[in-house]
Each structure stands twice: as structure tokens, then as C-alpha cells.
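To find a chain, count down the sequence lines: A is the first, B the second, and so on, and within it residues start at 1.
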Amino acid sequence: KNQVEQSPQSLIILEGKNCTLQCNYTVSPFSNLRWYKQDTGRGPVSLTIMTFSENTKSNGRYTATLDADTKQSSLHITASQLSDSASYICVVSLPSGGSYIPTFGRGTSLIVHP
Amino acid sequence: NAGVTQTPKFQVLKTGQSMTLQCAQDMNHEYMSWYRQDPGMGLRLIHYSVGAGITDQGEVPNGYNVSRSTTEDFPLRLLSAAPSQTSVYFCASRGVAGIRAGETQYFGPGTRLLVL
């Protein structure tokens, strides 16, 4: 069973609208929680990185929140653009030895229509 | 900086053939890793390295070998390709191998592999 669950699986919105993507995890304890954007046919690109002690992190129009008590994170996209059409992936990393091992969610596919 | 580069971009193999997927980074990063991405599944860690000469297994290491003779290069070897290894393979790197939460991880563009 995947320890990182993302919802919705896919989402279609109109350009200019806001949206929120969800990530629930059972991995514990964790070193950090990351959100990535992956364009079709490309590698993932880092959007935000949060430790368990942080509850919000912004990167331009992207804002990630984290509630370590409920083990939930969300990614809020403000004033969406056509270029936001992509898959958004939540990753929770477990400490392992001197490093950490990531567990990836399956992603939310976002389509922004004009 | 070129970042993380991968070659080839596409490859078709027959069952039983071997090949090496190349990965290089020019950012002097300690940590490098290989993932595979399959439809409907999250990326899964195959192998990783915390520095030259040091490698370890990830979640799905069977059928793959790695080595890290230099900081820059981290090749992934398929010993005897199987149809189950049809996937998109991503190499990634980040600066520090330790548990430092703020390190950005950079991914390569991927290699698309089809095993017939």
C-alpha cells in the first residue's frame, strides 16, 4: 500500500482560477516533505521543501502547507496559468542511515484550460 | 551548468540483452540516485550513492547494478533485460548526502526504455 496518497487523481480548471491539491501520508517519522512539478515527457522539478517543523512554504504562485498532526499536506496554486498543466507529485522522505529514502505519491494530473 | 544529463533518451532492447544507462552531473553533488517511473505508480528508487565508491539499494534493485567511480557519473546497468523493466528511468542528484532537509534534488530528463 502506497504510504503517500494524493487527491484528486486528476483535475481540470479554467485559466486564472485557484486550486488545491492534497497529499495524505502515513510515513513516520519523516525528514522532509517535497512537492514536485512534472511536465509531460520531462523530469520532476522541485517546487517546495518542508521539514516536519514547518507548516507553510511558498514559491511564487505555489504555496504548500503541512499539518504534521493529521499527516496532511496541500499545494495551493493561485491564479493558474496554462503552463501549470502538469503532474504534481508529493514526496515524503524517511531518514535512513545517514541519508533519507523518498516515498513518492502517484501524482495529481492538472489540466488548465483557457 | 548542464545540470543532470542522461543518455540515451530512448532505447529498445530485446529480452536478455544488457545495456548501460548513463547519468552525469556537473554540480559536484554527493548524492545521486536512479528511479523508475511506471504508469499509475509513483517513482520508485532503484539504487542510490552517497559519494564516490559508495552505493546502496533502494526499493526495487533487482535486475540492476550501479557503480560510482567518480563524483560526476552514476551509470545504471541492466544485466539481462526483461519486459518488466520497460519504464522511464530518471537519474537525480542533490548536493549533500546527509539528512539536511533543505537540499533541492535535481532530476535528469529521463531515458525511455522498451524491452521486447
Legend entry - chain B contact residues among residues 40-48 of chain A, heavy-atom distance under 4.5 Å: A/G41, A/R42, A/G43, A/P44, A/S46

If you round to the nearest 0.5 Å, how far is [atom2] of [Y] from [atom1] of [X]?
X      : Y     : atom1 : atom2 : answer
A/R106 : B/D38 : CZ    : CG    : 11.5 Å
B/T104 : A/Y36 : OG1   : OH    : 8.0 Å
A/I101 : B/E59 : CD1   : CD    : 9.5 Å

Legend entry - B/Q37 versus chain A, the contacting section by heavy-atom distance below 4.5 Å: side chain

Inset, instruction - Taking salt bridge (charged side-chain N to carboxylate O under 4.0 Å, His left out) as the test, write out the residues that go with B/R68, two or more places apart. - result: none

Legend entry - Those residues that, when tested against B/Y106, pass ring pair (Phe, Tyr, Trp, His ring centres under 6.0 Å) (two or more places apart): B/H29

Under 4.5 Å between side-chain heavy atoms, hopping through other hydrophobics if needed: is there a path connecting [X] to [Y]?
X     : Y     : result
A/F52 : A/V4  : yes
A/L33 : A/I77 : yes
A/L82 : A/L75 : yes

Inset, instruction - Please indicate whether A/Y62 has more than 12 foreign heavy atoms, meaning atoms of other residues, nucleotides or ligands, lying under 6.0 Å from its OH. - result: yes

Legend entry - Check: B/L45 and A/F104 side chains under 4.5 Å, non-hydrogen atoms: no

Legend entry - Which atom of B/Q105 lies closest to which atom of A/R34, heavy atoms considered: N-NH1, 3.6 Å

Legend entry - Side-chain hydrophobic cluster, 4.5 Å single linkage: members besides B/L13: B/M19, B/L21, B/M32, B/W34, B/I46, B/V60, B/Y64, B/V66, B/F74, B/L76, B/L78, B/Y89, B/L113, B/V115

Legend entry - Atom group of A/Q38 that falls short of 4.5 Å from chain B, counting heavy atoms: side chain

